[in-house]
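Have a look at the structure below, then the notes.
Chain letters run A, B, ... following the sequence lines, proteins first and then strands; every chain starts at 1. This structure is a prediction, so every number in the text was calculated from the model and none was measured.
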Amino acid sequence: MTMHRAPRALLCALCVLVADAASAAAGAKPSRIASLNLAADEVLAEILPLERLVGVTALVDEKGTSNALGRVPASVPRFPKADLERLLSVRPDLVIVSEYTDADFLELLEQSGVRHHRMKGLASLRGIRLAVLDLGEAVGEPEGARRLVARFDATLATLEARLRGAARPRVLYWAGGLTAGGGTAIGALVECGGGTNVGAQMGLVGIEPVGAERAYAAAPDRILVGEGWESAEALRRHPLLSKLAAIREGRLVTMPTELLVALNHHSAAACWDLAHRLHPDRVPAQLP
Amino acid sequence: MTDERRRRLTFVALAAVLPVCTAAAIALGSVSLPLGGIASSVTAALGIGTSSLEPVGETILWAVRLPRVLLAAVVGGGLAVVGACLQSVFRNPMADAGLLGVSGGAALGAVLAVRLGWASEVFLALTLAAFAGAMGAVLAVYALAHAAGRPSLHGLLLTGLAVSALAGAGTSVLLVATDEFRVKTVIFWLAGGLEGRGLVHLRLASAFVLAGCALLALMSRPLDVLSLGTEEAAALGLAVSRTRLVILGLAALVAGACTAVAGSVPFVGLVAPHALRPLVGPRGRHLLPAAFLGGAVLVVLADLLSRATSSRVDLPLGALTAFVGAPYFLLALRHGGSRA
C-alpha cells in the first residue's frame, strides 16, 4: 500500500511542478516542438525556426509521401510511431498530434506535463486552411502560417478563375477498392481541381469501399489514382474495370502521391496539379 | 530429483527471475535509465534521500515505464492463469481464452470504438469498448450454448468458435469500412502492445486480473477435480455445471481485462502453463501461481524487446509472443511425436 501511494504522490508532485512550469510559460512561444503528424511536419518545416523542432515523423523522409523531403535536418529525431518514452526524452513542450491519435496516449502525454495540439478538421479545404492557421497560433508563428495560407488562397482563387465555366468531368478516386465519398479531403481535391466526385454522387461519405461492379456501373469519365500504388496496373488488369471507357481510352489520372495525400497548404498545389491534368487547355503545369 | 524438489526449485527460479526481468525492463528501453538512479528515485518516493534521476528520467520512470512494466507482468500472469484453467476445464492443452470468444469480441469492440471515433476522443474508450466486446462475446457463447439445454464441453467449444468467427467477420467488415488513418490505431491494437498505457490502465487491469486470479487460485481444488472429466467430477460430488460456469466466468473476466488493455497477446496462455506443468505438476494450487509468474516473465521480456527495438523496427508485443510461442509449440510437438 505504501509502495503504491508513494509513487503516486511523487508522480502527482512531478506533474504539479511540470504543470506550474507549463502554465508559467503558457504565454511564451513553445520552444521545443515535436510533431507526430506528417501534415504538421510539412507546415512546421516552412514556418518554424528549425532549432525549435525536436521531432518529426519518419514519413517526412519518405519519397512519394512527403512534401518536405530534405527540409528537416537529419539531426532532428524521427518518430516512426507514437513512442511516448522517446518522445519525452527529447523534452518537448508541445507535441503536434493528428485527429486520430489515441485519446489514452494523449492523456498520458498530459499526465507527463506535455501540452499537445491536434491538427484536425482536414476533410475540406476550408478545414485545412483553418488547421494551418491554428497550428501557426499553437507554435507561436501565426505570421508564417498566414503567409502559407495567403499563398494557398491565391492559388485557389487563380484556379477558380481559370476553371470558371469549364465542363466538369466525373472523377472516381480509386485506391485498391476504396474511393472517396463526401466529407473527404480527396473529394474536396477533385471538386477543386475541376471535377465532379463520383464517390459523393454515389452517396458515399468518407473513404469507403466501392465494389468493382458499382464502380463500373458509375461509368466515370476519369479515374484518379496515386503514383506508386500499383492502382493503375491493377485497374488495367482488372477483369471488369479494365472494360471501363476511362481505362480503355487512357483517361486514367495518375497524381504524385505526396500531393494526393497532402492535408495542408500543399493541398492548393495538389488542386492545381489535378486541374492541369483534367483541364490542360485552361490550367498550365506550373503554378503561377 | 524428486517432484517436490523440482517444484521448489522452479518456484525459487521464477521468484528470482521475475524481479530481475522487471528491473531490467524498468531500466532498459528506447531511453535507458541507470539502475542506481531508479533505486534512488524509488527510495526518494519512500521518503529516503533524493533522486539522482534527471526530471525527464523521473517522468519516464513514473508516468510511463513503471506502470507499463507492471502492466506487462499483470497481463502476462493473467493470460497464463486463464490458459492453465481453461486447459484443465476443457481437458485440452490447446485451450485458451480465444475459445470463449474473448479475443474476437474484444477486437470487435476495439474496432467499433476506432470506427466511431471514440478511441481518439474519449479517454479509455478503446479499453472499455474492447472489454465490453469481450464480455458480450462470452455472454453470447454462454447464452447460445445453453439455448438447447445444458451444453457439453464440445458444445461450448464449438459455440465459442462460432461466436469468434462471427466477431471476426464483424471486425473485418468494420475494418474495411474504416478510414485508412484510423486503421493504423486498430492494427496496433490487434497486433498487441502496451504503448500509451499508464497508471489508470494498470489500476483497471489489476483490479480484474489480480482479483480474478486470486479467486481462480482459491478454486484450484475443484479445478483439479474437473480435469478428471465430467462424470468423474460428478461422481466425486462436484456441482460440475456450476463450478465450470464460475471458473469460465472468472477466466473470461481476467482474459477480457488483459485483452482490453494490451490487445491480442497470443500464446502466453498456452506456452507458460505447458512449459511449467512438467516442472510443478498439473495440480492447480501449484500450476496457477507458477503459470502467473511464468506468464509475467514472458510478457515483461517481450515488451522490453518491443520497446528496446522500437526506434529501429516495429515489433508488436503480440507478434513477439507468437514468435516465441509458435516455435516452442512446434518443438514440443516434435518432442512429443518422437516419444510417441
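- The minimum heavy-atom distance between V176(B) and P209(A), with the atom names listed, is CG1-CG, 3.6 Å.
- L84(A) contributes atom CG, which lies 11.5 Å from atom CZ of R197(B) (distance to the nearest 0.5 angstrom).
- Only the side chain of L263(A) comes within less than 4.5 Å of a heavy atom in chain B; its backbone stays farther off.
- Heavy-atom contacts from other residues, nucleotides or ligands closer than 6.0 Å to NZ of K120(A) number 12 or fewer.
- When heavy atoms are compared at a cutoff of 4.5 Å, L109(A) does not approach chain B at all.
- Few gaps surround CD on E233(A); more than 12 heavy atoms of other groups in view lie less than 6.0 Å from it.
- When all heavy atoms are compared, the tightest approach of A125(B) to D104(A) is N-OD1, 4.3 Å.
- The line from CD of E121(B) to CD of E99(A) is 7.5 Å long, rounded to the nearest 0.5 Å.
- In terms of heavy-atom proximity, L108(A) sits nearest to A63(B) at CD1-O, 3.7 Å.
- Residues R118(A) and S120(B) form a side-chain contact, since some pair of their non-hydrogen atoms from C-beta on lies under 4.5 Å apart.
- Screening T59(B), L61(B), V64(B) for a side chain to side chain contact (heavy atoms under 4.5 Å, CB included) involving E85(A) leaves a single residue, V64(B).
- Atom CZ of F188(B) and atom CZ of F105(A) lie 11.0 Å apart (nearest 0.5 Å).
- In this structure, chain B has a heavy atom under 4.5 Å from the backbone of A82(A), while its side chain stays farther away.
- In this structure, the portion of V56(B) lying under 4.5 Å from any heavy atom of chain A is its side chain and not its backbone.
- Contacts between L124(B) and chain A at a heavy-atom distance below 4.5 Å involve backbone atoms as well as side-chain atoms.
- Within the structure, side-chain hydrogen bond (donor to acceptor under 3.5 Å, both in side chains) pairs that include any residue of residues 44-55 of chain B comprise S40(B)-S52(B), S51(B)-E58(B) (at least two apart or interchain).
- The shortest heavy-atom contact between V31(B) and S89(A) is CG2-CB, 3.3 Å.
- Between V200(B) and Q111(A) the shortest side-chain heavy-atom distance falls below 4.5 Å.
- Taking CH2 from W189(B) and CG from D102(A), the interatomic distance works out to 12.0 Å, rounded to the nearest 0.5 Å.
- For residues 107-116 of chain B, heavy-atom neighbours of chain A at less than 4.5 Å comprise R115(B), sorted by residue number.
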